[in-house]
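Computed from a predicted model, the values in this text were never measured in an experiment. The first residue in the sequence is number 1, and the count goes up from there.
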Amino acid sequence: METVIIEEISKGHKTISRHKFQQDSITIGRGYHNDIIVSDPHVCPEHVSLEHNGEHWVAFDQESVNGSFLDDSKASAHQHIVRSGDIISIGNSQVRIVFPNHPVAESIRFSPLENFVNFASQPWLLTTVIALFSSVIGYLFFLGQAKEVTSSLIFVRAIGFTLMFALWPFGVALVSHLTKNNARVFAQLGVSFIFFNLWWLSDLLESLVAFNFSSNWPIVNVIALVPIAASFGLFWFNCYVSFHMSPVRRNVITVGLTILFFGGNFLIGLSKQPEFNPNPEYNATVLSPAFLFTPNTPAKDFVQSTNELFDKARAEADK
């Protein structure tokens, strides 16, 4: 008896299931009597069979309604002599025939990116980044209230916002699962909340720079790009963790999501901003002197240094 491996694969050639047979005849179809049962309404109960003639495996279409074809081409698979790695399309499904001596690619070492993803999915790190995110939410909610708030209210608000943000990695994992990819839920959660915390850090950095520099300084515009870079990193890792795609396609999708996210927010902001606001909003946010990049100067020392500067200017003028 000859040994053959048959893989059910997706349209993207990702393996869905794998079967190994040691027999000279294999049937594939939707009927439950087949060796491989394909749950596809476009596949006939007896769709295609593989027969070993003593030298080669040969595919035979069983007069199916939609036919059997080689890969995605229009070439019929009927009476085709099978070679290892051949793909046969039946209905909206595909099977790949592989012989035991089929070569496999060399093992790939874990890249630094993969090590980072595995590290992000560790339970202790996942708990830490989520707790840090919830703490920041609770702290910001406390600062944003003019009235006294209770700890229970802060806790409920922090948990609610954390669950709302968790919908994004769960949604990405769900899409990955539905498209027959590896969802890797914990890795998605860990990576996403790491970048969510980077958003808070970028907001703090932007506030520090705005507090210490004039708006005319180029560094202010550079710091404004930090949240865009963090969002790009978030979307890029979301695609990297749970979807099998080429680097070019991953970069294109990431750039598109980043533009959609920030471009949409920008357009929404423009649509809500009137040409003239008779009641302008006052930003009462005050950062403490601890956020200064340079130490404070007492008023007495400031007056003294100013007088010395004027005295020096008068001396230069008298010359």
Side-chain angles (χ1 to χ4, degrees), residues 5-19 38-40 42 71-72 85 87-96 98 102 104-123 125-127 129-130 133 162-199 202 225-265:
I5 298 94
I6 300 181
E7 299 174 332
E8 295 182 65
I9 60 176
S10 64
K11 287 293 186 179
H13 291 181
K14 176 169 177 60
T15 303
I16 300 174
S17 62
R18 182 178 288 116
H19 312 272
V38 180
S39 300
D40 182 345
H42 301 284
D71 205 346
D72 292 324
I87 296 174
I88 298 178
S89 297
I90 53 175
N92 283 329
S93 305
Q94 291 183 324
V95 293
R96 178 165 47 206
V98 181
H102 190 84
V104 296
E106 295 184 0
S107 300
I108 301 175
R109 292 183 179 273
F110 282 117
S111 65
L113 291 175
E114 190 64 29
N115 288 329
F116 169 73
V117 171
N118 291 333
F119 178 70
S121 61
Q122 296 295 321
L125 181 64
L126 182 59
T127 303
V129 294
I130 293 179
F133 180 86
T162 302
L163 292 176
M164 183 179 67
F165 273 79
L167 291 176
W168 171 256
F170 275 119
V172 174
L174 178 61
V175 172
S176 174
H177 175 72
L178 294 177
T179 54
K180 307 299 183 182
N181 288 280
N182 190 0
R184 303 177 71 179
V185 178
F186 290 110
Q188 283 288 1
L189 281 171
V191 167
S192 296
F193 274 95
I194 285 175
F195 280 96
F196 291 160
N197 286 318
L198 287 179
W199 278 349
S202 67
L225 298 177
V226 173
I228 299 179
S231 300
F232 179 88
L234 169 65
F235 298 141
W236 193 93
F237 272 99
N238 287 148
C239 294
Y240 176 82
V241 169
S242 295
F243 298 96
H244 299 277
M245 58 180 65
S246 65
V248 174
R249 185 179 181 185
R250 186 187 305 123
N251 292 334
V252 170
I253 292 177
T254 302
V255 170
L257 288 174
T258 305
I259 293 176
L260 182 64
F261 180 72
F262 282 93
N265 287 340

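Put simply, the side chain of Ile253 does not reach to within 4.5 Å of the side chain of Phe243, judged on heavy atoms. Considering only heavy atoms from C-beta on, Arg184 stays 4.5 Å or farther from Ser121 through its side chain. With a 4.5 Å cut-off on side-chain heavy atoms, Val191 and Tyr240 do not count as touching. Taking the side chain as every heavy atom from C-beta outward, Ile130 and Thr162 approach each other to under 4.5 Å. Residues Asn115 and Phe119 have side chains not in contact (no heavy-atom distance under 4.5 Å, counting atoms from C-beta outward). In this structure the side chain of His42 never reaches within 4.5 angstrom of the side chain of Ile90, judged on heavy atoms. Two residues are said to be in side-chain contact when any heavy atoms from C-beta on lie closer than 4.5 Å; Val255 and Phe235 fail this criterion. The side-chain heavy atoms of Phe186 and Pro123, taken from C-beta on, include no pair separated by under 4.5 Å.
Residues Gln94 and Ser89 share a closest heavy-atom pair of NE2-OG, 3.1 Å. In terms of heavy-atom proximity, Val175 sits nearest to Thr179 at O-OG1, 2.8 Å. Scanning all heavy atoms of the two residues, the minimum distance from Gln188 to Pro169 falls at O-CB, 3.6 Å. Nearest heavy-atom pair, Val129 versus Asn197, reported as atom, atom and distance to 0.1 Å: O-ND2, 3.1 Å. Between Val185 and Ala173, the closest heavy-atom pair is CG2-CB, 3.9 Å. Closest of all the heavy-atom pairs between Leu125 and Ala120 is CD2-CA, 3.6 Å.
Within a 6.0 Å sphere centred on CZ of Phe116, other residues, nucleotides and ligands contribute more than 12 heavy atoms.
Below 30°, between 30° and 60°, or above 60°: for Phe237 and Phe195 the angle between ring planes is between 30° and 60°, a tilted geometry. Using the six-membered ring where Trp is involved, Phe196 and Phe133 have ring planes that are tilted, between 30° and 60° apart.
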Taking it one step at a time, do Phe232 and Leu257 satisfy side-chain contact (heavy atoms from CB on, under 4.5 Å)? CA-CA 8 Å; Phe232 179 88; Leu257 288 174; over 6 Å; no

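A donor-acceptor pair under 3.5 Å is formed between the side chain of Asp40 and the backbone N or O of Ser93. Within the 3.5 Å criterion, the main-chain N or O of Ser176 finds no donor-acceptor partner in the side chain of Ser242.
The residue from Thr254, Thr258, Asn251 that alone fulfils the side-chain hydrogen bond (donor to acceptor under 3.5 Å, both in side chains) condition with Trp236 is Asn251. Residue Glu8 forms a side-chain hydrogen bond (donor to acceptor under 3.5 Å, both in side chains) with just one option from Arg18, His19, Arg96, and that option is His19.
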